Amino acid sequence: MGELGAFLKITRHGFQERPPETRAADYDEFAYERSVPELREQGARCMECGVPFCHNGCPLGNLIPDWNDLVYRDRWQDAIRQLHATNNFPEFTGRLCPAPCEAACVLEINEGDAVTIKQIEVAIANRAWDEGWVTPEPPQLETGRSVAVVGSGPAGMAAAQQLRRAGHRVVLFERDESIGGLMRFGVPDFKIDKAVVERRVRQLAGEGVELRAGVEVGTDVTVDELRADFDAIVLATGSRVPRDLPVPGRELDGVHFAMDYLMGRNRWVAAQQGPEPLAPVDPALIAPITARDKHVVVIGGGDTGADCVGNAIREGAKSVVQIEILDRPPDSRPDDTTPWPLWPAKYRKSYAIAEGEALALAEQDYAIATTHLSGVDGHVAKLHYAEAEDFRPVPGTEAAFDADLVLLAMGFLHPEQELLDALGVAKDPRGNVKAGAYVTSEPGIFAAGDARRGQSLIVWAINEGRQCARLVDRYLRDAPLPATMREPVHSGNVMPADEGPEGPPLHASGGLLSAEE
């Protein structure tokens with residue numbers, strides 16, 4: 001794999017980013033890939049590891065050394081075939097995944113020296129779209145079976161694509177006006193341009209997936225109608241119930257859940273620069289919350305909180321403070337608790353805080369416990385806090401932040417319960433769908449993604465959608481076929497083993513034919 005000894009001679013170079021003062025003035029993606037010669041050099045750094053631990057770090061099981069090597073050898077069309085063998089949407093993960101594969105890279109034993117897997121992945125996907133190598137792949141034959149996929153986030157999209165390619169009729173239901181779930185409405189455009197999502201939506205439609213946006217299952221389509229009209233149901237509704245903040249003053253105006261703010265901002269950007277939604281959107285949902293000219297406090301130190309900070313900066317907030325109740329993590333990997341190849345519990349400055357610091361607009365504070373909120377004329381004005389120790393406020397350390405807008409970004413608890421209760425599926429103690437092997441307690445009903453496993457990463461969502469599709473396909477194929485139907489032909493990657501390139505690259509044993517051959 002790669003160039004012998006290249007990891008000793010070539011320095012790691014990751015994504016390039018636009019300067020904060022430039023990118024904070026628009027909603028365009030702030031990270032961009034390097035030139036092809038630079039990417040090939042970065043691919044050359046991948047070693048021929050005896051055990052490629054990056055495979056273990058990636059929930060999708062991506063064939064990382066293979067496509068790193070293919071990029072190094074300038075075999076881009078073969079590289080996208082390798083990517084698509086395990087990942088339906090590599091341009092999504094290449095932008096949004098935190099890259100546990102890089103944390104597990106053998107080169108990461110020397111911290112900060114991992115192969116730039118994530119940027120190579122997104123570059124392969126971008127090149128494939130630019131060259132026209134990504135096209136709809138409709139099934140060869142129809143099975144006569146039908147599946148309803150409820151929820152169109154990455155898990156739902158992956159399940160829908162896999163099942164449609166297997167020949168089943170698939171209807172993808174989404175209660176919001178566009179397909180994509182929180183990837184569409186929660187993640188800002190400056191992290192993933194929604195045109196990137198939209199082209200995959202068009203691919204699904206081209207493969208024959210029926211897209212029904214603006215339709216809420218349980219209301220617009222009843223549970224009885226769903227059961228009657230489909231042979232199987234996949235629940236991919238995500239984990240959308242946010243964790244609340246039970247402190248005095250929570251009821252004041254100006255205190256909102258982070259996702260309410262982010263969804264409004266994403267709808268505002270879509271109204272300005274597209275893409276057009278599939279269903280009408282209520283104008284009241286477009287930017288109902290604004291950070292302009294306000295002192296903003298974001299409670300929660302994760303990605304959702306960072307996205308609130310990034311949006312508030314772009315809106316023109318007076319100041320932004322992001323607070324976290326946990327202690328600040330160490331700057332380097334703590335080998336005693338998260339040794340390589342585990343995901344390291346270390347400090348990572350977010351893109352948003354980097355912008356805020358460069359523009360003298362934002363700061364991030366740790367070990368902060370909110371004690372109460374106070375306001376003027378029913379609107380929040382101050383967030384009162386104390387230093388935190390073991391999640392409790394330390395007496396004598398009290399202080400306050402100015403706060404015209406408080407955004408709660410403390411994570412999510414579980415899926416919304418109404419649909420689950422209406423379908424009668426069993427739930428685990430956390431309120432998620434209980435579906436150990438994607439099969440729920442109700443015959444013909446399956447679950448995947450955050451609705452099943454709880455709040456997690458996009459790579460887990462896509463993996464769960466794919467694996468759930470296997471189980472649904474098996475369930476449908478075990479049922480008797482209509483007499484008028486021929487024996488179906490398998491297509492796509494829902495076979496017991498993924499269909500993909502035959503073996504490793506050409507220079508190794510086996511032989512993957514090049515695109516030219």
Side-chain angles (χ1 to χ4, degrees), residues 1-2 7 10-17 29-34 38-39 41-47 49 51-69 71-72 79-80 82-84 86-126 154 183 187-188 190-192 196 301-304 306-307 329 331-334 338-354 455-464:
M1 296 296 174
F7 67 94
I10 300 173
T11 304
R12 171 191 164 98
H13 292 294
F15 283 105
Q16 296 174 296
E17 295 185 357
E29 289 187 6
F30 64 83
Y32 59 98
E33 64 195 55
R34 295 181 178 272
E38 289 177 298
L39 290 166
E41 276 196 337
Q42 293 302 307
R45 297 184 68 246
C46 187
M47 305 187 299
C49 302
V51 177
F53 283 87
C54 55
H55 284 199
N56 184 63
C58 176
L60 280 163
N62 282 336
L63 308 173
I64 296 164
D66 289 0
W67 42 258
N68 279 337
D69 184 71
V71 166
Y72 162 60
I80 190 61
Q82 291 280 19
L83 261 178
H84 277 156
T86 56
N87 186 352
N88 298 64
F89 315 119
E91 66 272 32
F92 297 173
T93 54
R95 286 169 167 83
L96 302 179
C97 178
C101 54
E102 293 188 18
C105 176
V106 173
L107 283 177
E108 185 61 17
I109 293 174
N110 181 25
E111 193 169 357
D113 204 34
V115 174
T116 58
I117 298 167
K118 182 174 170 176
Q119 76 157 343
I120 294 173
E121 176 183 31
V122 75
I124 295 169
N126 289 344
M183 181 175 58
V187 181
F190 44 85
K191 286 175 68 174
I192 181 168
V196 172
D303 287 343
T304 300
D307 293 343
D331 288 327
S332 59
R333 178 191 290 273
T338 53
W340 178 88
L342 300 180
W343 177 253
K346 67 177 185 178
Y347 175 71
R348 298 172 181 83
K349 182 181 291 186
S350 72
Y351 73 92
I353 291 299
Q455 180 186 358
S456 191
L457 304 177
I458 186 172
V459 277
W460 275 115
I462 295 173
N463 175 70
E464 294 236 335

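What's counted below: heavy atoms across the whole structure, side chains too, no hydrogens, waters or symmetry copies. Keep in mind that this is a model prediction, so the values were computed, not measured.
- Taking all atoms of both residues into account, the shortest heavy-atom contact from Glu33 to Ala123 is OE1-CA, 3.5 Å.
- Between Tyr351 and Phe30, the two ring planes are parallel [angle under 30°; tilted spans 30° to 60°].
- In this structure the side chain of Thr338 never reaches within 4.5 angstrom of the side chain of Trp343, judged on heavy atoms.
- Looking at Ile80, Val122, Ile462, Ile124 one by one, the single match for side-chain contact (heavy atoms from CB on, under 4.5 Å) with Pro90 turns out to be Ile80.
- Applying the salt bridge (Lys or Arg N to Asp or Glu O under 4.0 Å) criterion to Arg333, with sequence neighbours excluded, gives no partner residue.
- Note that CG of Asn88 is 11.0 Å distant from CG of Leu83, once rounded to the nearest 0.5 Å.
- Residue pairs meeting the side-chain hydrogen bond (donor to acceptor under 3.5 Å, both in side chains) criterion with at least one partner in residues 112-121, sequence neighbours excluded, are Arg45-Asp113, Asn87-Glu121, Thr93-Glu121, Thr116-Gln119.
- The shortest side-chain heavy-atom distance between Glu102 and Glu108 does not fall under the 4.5 Å cut-off.
- Here Tyr72 contributes atom OH and Gln42 contributes atom CD; the two are 13.0 Å apart, rounded to the nearest 0.5 Å.
- Remark: Glu91 pairs with Trp129, Arg200 by the side-chain hydrogen bond (donor to acceptor under 3.5 Å, both in side chains) rule, at least two apart or across chains.
- The two residues Val106 and Trp340 have their closest heavy-atom pair at CA-CZ2, 3.7 Å.
- Remark: Arg348 pairs with no residue by the salt bridge (Lys or Arg N to Asp or Glu O under 4.0 Å) rule, at least two apart or across chains.
- For the pair Asn62 and Cys101, the minimum side-chain heavy-atom distance is 4.5 Å or more.
- Side-chain atoms of Pro65 and His55, non-hydrogen and from C-beta on, do get closer than 4.5 Å to each other.
- Contact between Pro59 and Gly57 at its shortest, heavy atoms only, is CD-O, 3.3 Å.
- Distance check: Ile458 CD1 to Asp303 CG gives 11.5 Å after rounding to the nearest 0.5 Å.
- By the 4.5 Å heavy-atom criterion applied to side chains, Arg34 and His13 are counted as neighbours.
- Here the closest heavy-atom approach between residue Leu107 and residue Ala114 is recorded as CB-CA, 4.0 Å.
- Contact check for Cys54 versus Ile117: side-chain heavy atoms found under the 4.5 Å cut-off.
- Side-chain contact between Phe89 and Val196 is absent, with no heavy atoms from C-beta onward closer than 4.5 Å.
- Ser456 meets the side-chain hydrogen bond (donor to acceptor under 3.5 Å, both in side chains) test with Arg453; sequence neighbours excluded.
- In plain terms, the two heavy atoms of Met183 and Val187 that are nearest each other are O-CB, 3.8 Å.
- Contact check for Pro344 versus Pro329: no side-chain heavy atoms found under the 4.5 Å cut-off.
- For Glu29, the salt bridge (Lys or Arg N to Asp or Glu O under 4.0 Å) partners at least two apart in sequence or on another chain are Arg95.
- Taking both residues in full, the closest heavy atoms of Val71 and Leu39 are given as CG1-O, 3.9 Å, listed atom of the first, atom of the second, then distance.
- One finds the CG atom of Asp69 at 10.0 Å from the CD atom of Gln82 (value rounded to the nearest 0.5 Å).
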